Structures are given as C-alpha cells and as structure tokens.
Amino acid sequence: MKKQHVNKNRAPVYEMMQEMKDKANFSFHVPGHKRGQAYTETGGAGFLQDVMRADLTEITGTDDLHHPEGVIREAQALAADCFGAEESFFLVGGSTSGNIALILTVCSKPGDLLIVQRNVHKSVIHGLMLAGAKAVFIQPEPDPVSGLAVAPSAETVTAALAAYPQAKGVLVTMPNYYGMGSDLAPLAEACHQHGVPLLVDEAHGAHYGQHTRLPGSALASGADGVVQSTHKMLAALTMGAMLHVQGPRIDRGLLRQRLAMVQSSSPSYPIMGSLDLARRLLHVQGAGAFTAGLAAVDALERGLAELPRFKLLHPQGQQPQDAAGAASAGSTAQAALPRPAAAYTTQDPFKVVMYDDTGVLSGYELQERLEAYGCVPEMSDDRYVVLVYSLGSTEEDTRHLLDALRHITVEKADAQKSADAPPAAESRHSVQEGTEEDLRLTGASSLPKTQGSPAEFSTWNILAQAVISEPIPFGLQPIPSEDTETVPLHACADRTAAEMIIPYPPGIPLLYPGERITKDTAARLRVLSDAGAKCQGAADPNLRTIIVYKKNRKQGSQL
Ligand SMILES: Cc1ncc(COP(=O)(O)O)c(C=O)c1O
C-alpha cells in the first residue's frame with residue numbers, strides 16, 4: 001500500500017463516533033437497544049449507557065470494516081504506520097480471529113501443510129482444523145534455568161523446512177505468556193530462503209518495538225504476518241486486536257476474504273474506536289507512553305530488594321541491579337559458576353514473573369495469597385506468578401503489591417503447608433527437594449528451584465513428542481462416539497486422545513484429538529486434575545476421566 005501523509009493525532013474512527021454521539025439523529029437501524037434508549041424506562045443501562053450510545057453499525061459515514069473506504073481505512077493506515085506494517089487490519093475477535101484468518105489464507109487447500117510450534121494457543125489448532133490443514137509440530141526450546149519453553153530454534157525451523165519442502169509456512173508464538181522471547185530474524189530468514197512466510201502470534205507483544213527497553217517487534221525481525229492482541233498489552237477494549245502484514249508472501253485479497261469469514265459482519269464500533277485510540281496514544285506519545293508503566297515496574301524491582309524472598313525471572317546476564325545498585329543476592333556465586341545457556345534472550349519488563357525463592361509457596365498459592373490482599377495476577381503455574389504491568393500501570397499499583405508481599409512474608413501460615421494443600425503441592429515438594437541439592441552444587445541459590453523435567457510445572461510447556469513431528473491431519477468431522485471410550489485418568493497413558501484438553505490460562509492445548517498420550521502427559525494431567533486446574537474442552541471438567549480412541553479404531557485429529 002502506498003504510504004500517504006500521516007497525521008498521528010487523528011483517530012478517525014473514534015472521532016466519527018464522537019460526532020455521531022453528539023448528533024440528534026433518530027435511529028431507524030440496528031442495534032435494537034437504539035443507543036441505550038431501550039433501557040431508559042428501567043432507569044438506563046447504568047455504566048453501559050455510554051458504551052451503548054457509541055455502539056454504532058454500518059450506516060452512512062461509519063464505513064465498513066470488511067470494505068473500508070473511509071474512517072476505518074484511514075485508521076488502519078495509521079495503525080500500519082505506527083506498528084511498521086505495510087498493511088494493518090483491525091480485529092474485533094481478538095488475536096483468535098487473526099490466527100484463524102492467517103492460517104486459512106496460507107493453507108488455502110485442505111491438506112496444505114504448516115510447520116507449527118507445538119505449544120500454540122488453541123486458536124492456532126482451531127485454524128488448522130478449519131483449514132483441514134496438516135501440521136508438522138516443532139518443539140520449542142526449553143529454557144534450562146526457568147524451566148519454561150520459549151520458541152523453536154532457527155535450526156529446528158530450518159530442519160523442518162528441509163524435511164517438508166511442501167510446507168506453506170511456519171507459525172510461532174513470540175513472546176510466550178511469560179514475556180520471554182528470542183531473536184526471530186534467523187527464523188524469518190530460514191522461511192524466506194524457502195519462499196514461505198513466517199507467521200507470528202505476537203498476541204502478548206503488541207507493545208514490542210515501541211521503547212528501547214522493550215524487545216523488538218516481529219515485523220522488524222522480518223515476519224510476514226503478525227497478530228497482536230492490542231487489548232492485552234496496549235490499551236484497547238477486550239477483543240480489540242490487529243493483524244499486520246508486510247511483503248509479498250501473504251495473499252492479501254484472500255486474507256481479506258478470510259477475515260470477512262471469521263469475523264462478524266457487524267463488528268463492534270466501541271472495539272474499533274478503542275483500537276484507534278490505543279494506536280493514537282502510542283503514535284503521539286511514542287516511547288513516552290511507557291514512562292509511567294516502566295516506573296511502576298522499576299519501583300517493584302527496588303521494593304523487592306527488601307523482600308528477598310520474592311524473586312523475578314530475568315534472562316541470564318540481565319539480573320537487574322537492586323535499589324542500592326548492587327547485584328542481587330547470590331549473583332556473585334552464580335557469576336563464578338558456569339550456567340546452562342538460556343533459551344531466551346529477551347524478557348518483557350511488563351511481564352513480571354515472580355516466584356517464592358524459599359520454595360514454600362507454589363505459584364498457585366502465591367497467586368491465592370496475593371488475591372487475598374486485593375492484588376489480582378494474570379495467571380500462575382506450579383512455580384511462577386505472572387503479574388502484568390502495562391502503560392496503564394502506576395506506582396500506586398506497585399505500592400499495593402509490595403504491601404501484599406510484605407504481609408505474605410510475615411504470614412505464619414507460610415512456615416508450613418496448610419493441611420488441606422492440594423496433592424499437587426506434595427508432588428511439587430518431592431521434586432523440589434531433589435533439585436535443591438543441584439542448586440547448592442551450582443551455587444545458584446537465587447534461581448528458581450527447577451524440577452527434573454521442564455515440562456512438569458507449566459501449562460505453557462507443551463513440548464512436541466519429537467523435535468519435528470510427522471504431519472498430523474486436522475479436520476472438522478466429529479469423532480464417531482462408537483470409536484471412543486471414556487477411561488479414568490490413571491489409565492490413559494499410551495492411549496490416543498479423542499478430545500482436546502486445554503488448561504486455561506494460557507489456553508495452550510495439552511492434548512489434541514489424535515495425539516498419543518505419553519506417560520509424561522498422563523502424569524501432568526493427573527497433577528492438573530489434583531490441583532483443580534481449569535481445563536477447557538474436556539468432557540469431564542474435573543478431569544477425572546478422559547475420552548480416548550478405542551484400541552484398533554481409526555484415529556485422526558478431528559473433533
Ligand atoms: C499466545 C496467544 N495467542 C492468541 C491468544 C488469543 O488472543 P485473544 O484473546 O486476543 O483472542 C492468546 C490468548 O490468551 C494467547 O495467549
């Protein structure tokens with residue numbers, strides 16, 4: 001798209017909405033609430049009244065997301081300029097809709113093959129199903145220090161492309177839910193050498209590349225199609241997301257058609273207006289937009305210097321200085337000792353990944369304690385709690401968090417596990433005891449207490465069973481019930497899953513239909529079940545049983 005003059009200060013969709021809001025028009029169109037009028041008899045729609053006044057539809061002057069010629073076209077062009085894309089598309093169905101549309105574009109025929117990082121969000125799996133595509137899953141690199149999976153290496157991507165030259169593209173997630181990332185440029189290069197696009201689910205990195213303290217963006221690394229949840233790490237309304245494209249490898253006409261297929265024909269104007277505002281905030285203020293949020297994170301780092309029990313995850317060599325400017329406790333000993341190479345090089349400063357260095361509180365328990373003091377984290381796993389900061393965070397937020405952590409430090413209950421702790425905690429303990437010795441040997445006292453296998457504790461860590469899997473066909477046909485049976489969880493090892501199991505958050509399918517359940521996966525399912533984890537997709541929400549294929553029945557990756 002030819003670059004036009006850019007007026008960053010404009011927010012065309014939002015401005016149009018403002019104008020419409022002030023107009024005394026009479027509505028003879030949908031939506032049926034008639035700008036909230038339907039509720040006036042009952043005292044109004046409360047705090048939703050203003051949203052309803054701004055809730056428009058495709059009428060004269062409001063433009064059409066699926067055929068933009070006016071304010072939406074202009075707003076998307078401004079977004080492309082702000083995020084460094086050739087073309088940007090507003091998404092009103094979150095990154096979910098962007099991932100699905102991208103896959104339907106790149107895998108345009110049933111049976112087309114895509115190389116996919118194994119621990120992808122469920123929307124990617126759903127995209128594969130809708131496309132009737134085949135996936136070759138590639139293993140993400142597990143980080144030996146944190147135990148968390150990051151992204152596949154360039155070597156793995158290159159090997160997969162060489163093994164499957166018919167692949168239509170490669171899809172990876174960057175950063176991960178914990179804000180960890182690595183350089184995407186070699187992956188983009190490998191893809192481009194094979195003439196295929198690199199697709200990046202950058203749902204958690206909409207702010208990337210916008211400040212020197214933030215990692216670079218996927219687009220700047222050469223990715224061809226990038227999906228960002230503007231609502232997650234920037235300031236759009238929930239479901240507001242963007243899809244950015246550059247270069248010649250993605251068929252834009254087909255992409256438009258796919259977006260029209262997977263998104264409502266009545267897209268939400270409040271969401272589109274908020275995307276416009278989120279972009280303008282960034283475009284106008286530039287890096288300055290992050291000053292307050294980063295100050296809030298820095299205040300946390302300083303405060304934690306007095307609360308040594310709670311540590312934050314940082315890539316190796318990037319341990320922050322404490323408030324007094326000295327390296328944090330234990331780092332002198334660590335510096336003298338060889339440590340395993342990290343699988344990640346960047347950490348989003350806004351994703352604060354915290355752990356209890358004493359090993360007393362699991363991530364789940366720390367989250368529970370924080371919530372008891374009114375601080376609500378994004379998510380937790382067996383070991384870590386993820387606290388999301390953003391350009392909207394304040395030092396006041398940090399003060400509350402530090403207060404909560406101070407209270408938790410002195411809580412008597414911390415000294416011992418409560419009698420009714422979930423069984424998961426027991427298994428956690430036994431593994432941690434084993435690794436404490438390892439930590440002492442390496443002198444890595446301030447590192448998180450890693451377990452035997454990095455795949456054990458995080459629902460993010462779905463590793464492929466092989467570094468490069470066989471092609472796995474996906475489709476939509478329901479599995480005939482006569483081909484399946486329900487078995488207790490303890491009997492599912494070595495069977496083939498006939499349902500999708502998605503721990504949430506982060507929404508990464510632990511199993512998809514047609515995937516063999518290894519002993520490791522079965523053990524993890526039991527830990528999750530005992531810990532009362534929330535799993536989407538499972539027929540038994542308590543995960544005491546699981547649906548598997550009957551032995552000797554035809555098995556596929558359909559739902
Ligand atoms: C990695 C990843 N991709 C995609 C999504 C879907 O994003 P959205 O909620 O914007 O649809 C999520 C949601 O958590 C995610 O974590």
Side-chain angles (χ1 to χ4, degrees), residues 79 83 88-104 114 116-130 137 140 148-152 170-182 184 198-208 215 217-218 223 225-244 258-259 262-264 267-268 270-272 274-275 278 344 348 350-351 353 377-381 384 386-388 390 458-462 500 502-510 512 533-537:
F83 293 96
S88 294
F89 299 88
F90 282 1
L91 303 172
V92 292
S95 287
T96 296
S97 55
N99 281 338
I100 293 174
L102 264 184
I103 293 171
L104 288 172
L114 192 66
V116 181
Q117 174 177 340
R118 172 59 185 91
N119 56 337
V120 279
H121 185 257
K122 60 183 174 168
S123 54
V124 173
I125 303 288
H126 291 153
L128 293 167
M129 289 168 63
L130 286 164
F137 286 116
L148 294 165
V150 187
V170 174
L171 189 150
V172 298
T173 308
M174 187 81 77
N176 69 12
Y177 215 123
Y178 299 79
M180 303 155 92
S182 52
L184 280 175
L198 175 66
L199 314 178
V200 181
D201 177 353
E202 202 177 35
H204 294 273
H207 55 320
Y208 274 26
S217 70
V226 177
V227 176
Q228 298 178 333
S229 291
T230 321
H231 68 94
K232 289 190 196 297
M233 300 304 292
L234 289 175
L237 286 177
T238 294
M239 290 176 91
M242 294 192 199
L243 168 54
H244 306 294
R258 298 319 202 205
L259 283 168
V262 301
Q263 299 210 96
S264 170
S268 157
I271 292 177
M272 289 191 284
S274 77
L275 284 169
Y344 73 117
D348 180 357
F350 287 126
K351 284 279 176 80
V353 185
E378 168 71 10
M379 70 146 183
S380 56
D381 64 26
Y384 301 109
V386 179
L387 299 142
V388 172
S390 79
S458 170
T459 44
W460 170 264
N461 282 3
I462 317 301
M500 186 122 69
I502 313 168
Y504 207 92
I508 313 284
L510 182 57
Y512 54 81
K534 283 181 256 169
C535 279
Q536 295 179 341

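Ligands are counted one by one from 1 in listed order, and the atoms in each one are counted from 1 as well. Everything numeric in this text was worked out from a predicted model, so none of it was measured.
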* Asked: Which atoms from ligand 1 have a heavy atom of T173 less than 4.0 Å away?
  -> 1 (C)
* To do: Can you figure out which of M379, H121, K122 has its heavy atom closest to atom 15 (C) of ligand 1?
  => H121
* Distance to 0.1 Å, residue and atom name: give those for the protein heavy atom nearest to atom 11 (O) of ligand 1. => T96 OG1, 2.6 Å
* Structure fact -> Atoms of ligand 1 under 4.0 Å from any heavy atom of H231, numbered from 1 in the order shown, are 8 (P), 9 (O), 10 (O)
* Purely on distance, is any nitrogen or oxygen of Y504 under 3.5 Å from one on ligand 1? -> no
* Structure fact -> Min over N119, D201, T230 of heavy-atom distance to atom 1 (C) of ligand 1 lands on D201
* **Minimum-distance protein heavy atom relative to atom 16 (O) of ligand 1** => H204 NE2, 2.7 Å
* Going from CG on L275 to OG1 on T230, what distance comes out if it is rounded to the nearest 0.5 angstrom? -> 5.0 Å
* Asked: For residues Q228 and Y208, is any side-chain donor paired with an opposing acceptor at under 3.5 Å?
  -> no
* Structure fact -> Closest to atom 8 (P) of ligand 1 among protein heavy atoms sits S95 N, 3.5 Å
* To do: Heavy-atom contacts with K232 under 4.0 Å: which atoms of ligand 1 show up? List them by number with element.
  => 7 (O), 9 (O), 12 (C), 13 (C), 14 (O)
* **Heavy-atom pair with the smallest gap, counting every atom of S123 and I100** => O-CG1, 3.5 Å
* To do: Would you mind running through ligand 1 and noting each atom that sits below 4.0 Å from a heavy atom of A203?
  => 2 (C), 3 (N), 4 (C)
* Looking only at side chains, do N99 and H126 share a donor and an acceptor under 3.5 Å apart? -> no
* Identify the heavy atoms of M500 and I502 that sit nearest to each other, and give their distance. => CG-CG1, 3.6 Å
* **side-chain contact (heavy atoms from CB on, under 4.5 Å) assessment of L128 paired with I103** => CA-CA 7 Å; L128 293 167; I103 293 171; 4.3 Å; yes
* Structure fact -> For H121 and P506 the tightest heavy-atom approach is CD2-O, 3.6 Å
* **S229 neighbourhood, listing ligand 1 atoms whose heavy-atom distance to it stays under 4.0 Å** => 7 (O), 8 (P), 10 (O)
* To do: Heavy atoms only: give me the nearest V227-L102 pair and the separation to one decimal.
  => CG2-CD1, 3.7 Å
